[in-house]
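The block underneath contains the structure these notes are about, expressed in structure tokens.
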Amino acid sequence: MKTPHAMGLILLAVIATLAVEESRIAKLRSEIQPLAGAPAKTASASSTPSSGGDAGTASAPTKTQREPKSDKPLAKAKDEDGDFAKTARKMWDNPAGKAMMNQGMKIAVAMMYEDFIEGLSLTKEESDNLKTLLGKEMSDQQEIGMKFLNATPEERIALQAEMEKRKKENEEAVKTFLNDEEDYKNYTAYKDRLPERQQLDGIRAAMAGKNAPLDPAAEARLVDAMYAARTTADAPDYSGPKAFEEMAKGDITKNFEDGWKQQDEKLAAATKDILSETQQEAWKEFRQQSKEMQLMGIKMAEKMMNDQQGAK
């Protein structure tokens with residue numbers, strides 16, 4: 001079973017976002033530290049603490065204090081901004097950063113599988129246990145994805161094998177938990193279409209903007225059409241650790257856009273019998289916006305990979 005495309009994008013988004021935040025903190029720290037030992041008289045008499053500051057703590061340097069600084073520390077901070085791979089790995093190795101990432105996975109699982117879990121009539125304890133199982137594969141992808149950042153080609157082969165092993169074990173655990181062939185069949189169908197289901201809110205908003213909402217039957221048909229287009233198009237697989245393997249081949253943006261074009265061609269034929277003319281207009285607008293958002297994440301991940309290679 002093919003890992004959903006969106007899982008890889010979630011991983012890349014988490015890495016990139018946390019890396020950006022950490023680099024911003026590093027930049028701020030580089031600006032503040034040289035001022036830490038400065039005499040008190042350097043502060044302006046009219047300066048006031050920044051809003052929201054805690055009582056008993058030193059106020060942040062004012063704009064007046066920072067202006068005399070040279071550009072050298074800022075240039076260094078800019079270099080740190082580019083080293084996404086290093087910062088992301090640092091976040092993962094930090095217990096607080098790792099806990100933050102894992103919490104994000106739990107929230108993501110609750111959102112992505114909400115409809116499926118609600119249909120099982122589970123107790124709260126059973127629901128929590130299932131969410132833990134469903135989140136494990138995502139956590140494994142996240143963990144191994146971090147290891148991929150600084151791995152050699154040989155190590156990446158081993159990591160991919162480890163990912164497949166964990167995935168198979170986790171699938172067996174979910175199957176054992178559900179203890180029902182029909183429930184497990186519904187689970188695999190739901191999971192396979194997660195990338196499409198995750199887009200439903202955006203699609204509904206786009207249709208509402210044109211005052212042309214979809215009925216549940218049309219939504220289900222559209223999800224199936226999107227799934228078929230994604231899984232039959234000759235597009236790169238940016239799923240989990242394989243995302244980094246695909247990126248290493250180069251031409252990431254071109255390959256993504258070529259694959260997207262193939263999907264659009266398949267969807268144009270499939271949606272003729274699903275969407276009205278007005279709905280088609282909303283659909284095209286949504287697809288363009290979705291493409292732009294995914295490209296942003298892919299380009300950021302591509303920069304992260306290039307920065308890593310340049311640092312070696």
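Keep in mind that the numbers below use all heavy atoms, side chains included, and drop hydrogens, waters and symmetry copies.
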Exercise for the section: Would you confirm whether the ring centroid of Tyr184 sits within less than 6.0 angstrom of the ring centroid of Tyr187? Expected result: yes
Practice task
Go through Glu162 and Arg166 one step at a time and tell me if the salt bridge (charged side-chain N to carboxylate O under 4.0 Å, His left out) criterion holds.
Solution key: CA-CA 6 Å; Glu162 175 65 18; Arg166 294 193 192 185; 2.9 Å; yes
Considering only distance and modelled atom types, tabulate donor-acceptor pairs under 3.5 Å from the side chains of residues 221-228, sequence neighbours left out.
| from | atom 1 | to | atom 2 | distance (Å) |
| --- | --- | --- | --- | --- |
| Arg221 | NH1 | Asp273 | O | 3.4 |
| Arg221 | NH2 | Asp273 | O | 3.4 |
| Asp224 | OD1 | Arg193 | NE | 3.0 |

Practice task
Determine whether the side chains of Gln160 and Glu164 contain a donor N or O and an acceptor N or O closer than 3.5 Å.
Solution key: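 Glu164 and Gln160 do have a side-chain donor-acceptor pair below 3.5 Å.
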Practice task
Report, as yes or no, whether the 6.0 Å neighbourhood of atom NZ on Lys284 holds more than 12 heavy atoms from other residues, nucleotides or ligands.
Solution key: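 No, NZ of Lys284 has 12 or fewer neighbouring heavy atoms, counting only those of other groups under 6.0 Å.
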Practice task
Can you establish whether the number of heavy atoms outside Asp215 located under 6.0 Å from its atom CG is more than 12?
Solution key: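 Counting other residues, nucleotides and ligands, CG of Asp215 exceeds 12 neighbours.
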Completion exercise
Only residue of Lys168, Glu169, Met163 satisfying side chain to side chain contact (heavy atoms under 4.5 Å, CB included) with Lys165 is Glu169
Taking all atoms of both residues into account, what is the closest heavy-atom pair of [X] and [Y], and its distance?
{"X": "Met112", "Y": "Tyr190", "value": "O-OH, 3.0 Å"}
{"X": "Ser127", "Y": "Ile117", "value": "OG-CG2, 3.5 Å"}
{"X": "Met207", "Y": "Ala282", "value": "SD-CB, 3.8 Å"}
{"X": "Lys191", "Y": "Pro195", "value": "O-CD, 4.2 Å"}
{"X": "Glu155", "Y": "Thr152", "value": "OE1-N, 2.8 Å"}
{"X": "Val109", "Y": "Gly135", "value": "CG2-CA, 3.4 Å"}

Problem - For Thr123, side-chain contact (heavy atoms from CB on, under 4.5 Å) partners two or more places apart - result: Glu125, Glu126
From [atom1] ([X]) to [atom2] ([Y]), nearest 0.5 Å:
{"X": "Trp283", "Y": "Ile203", "atom1": "CH2", "atom2": "CD1", "result": "5.0 Å"}
{"X": "Gln198", "Y": "Ser290", "atom1": "CD", "atom2": "OG", "result": "10.5 Å"}
{"X": "Asn170", "Y": "Ser139", "atom1": "CG", "atom2": "OG", "result": "9.5 Å"}
{"X": "Asp234", "Y": "Gln262", "atom1": "CG", "atom2": "CD", "result": "5.0 Å"}
{"X": "Phe116", "Y": "Leu194", "atom1": "CZ", "atom2": "CG", "result": "10.5 Å"}
{"X": "Glu114", "Y": "Arg197", "atom1": "CD", "atom2": "CZ", "result": "12.0 Å"}

Handout entry: Residue pairs fulfilling salt bridge (charged side-chain N to carboxylate O under 4.0 Å, His left out) with at least one residue in residues 258-267, sequence neighbours excluded
Key =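 Matches after skipping sequence neighbours: Lys254-Asp258, Asp264-Arg287.
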Establish whether [X] and [Y] are linked, either directly or via other cluster members, by ILVMFWY side-chain heavy-atom contacts under 4.5 Å.
{"X": "Phe286", "Y": "Phe256", "value": "no"}
{"X": "Leu134", "Y": "Leu178", "value": "yes"}
{"X": "Leu214", "Y": "Leu267", "value": "yes"}

Problem - Short N-O contact, Lys175 and Glu171, less than 4.0 angstrom - result: no
Handout entry: CA sep, side-chain torsions, deciding dist, call: Glu285, Gln289, side chain to side chain donor-acceptor pair (under 3.5 Å)
Key = CA-CA 6 Å; Glu285 290 177 7; Gln289 293 170 358; 5.4 Å; no
Does [X] reach the main-chain N or O of [Y] with its side chain, forming a donor-acceptor pair under 3.5 Å?
{"X": "Glu137", "Y": "Lys167", "result": "no"}
{"X": "Gln279", "Y": "Ala212", "result": "yes"}
{"X": "Asn186", "Y": "Glu182", "result": "yes"}
{"X": "Asp183", "Y": "Leu120", "result": "no"}

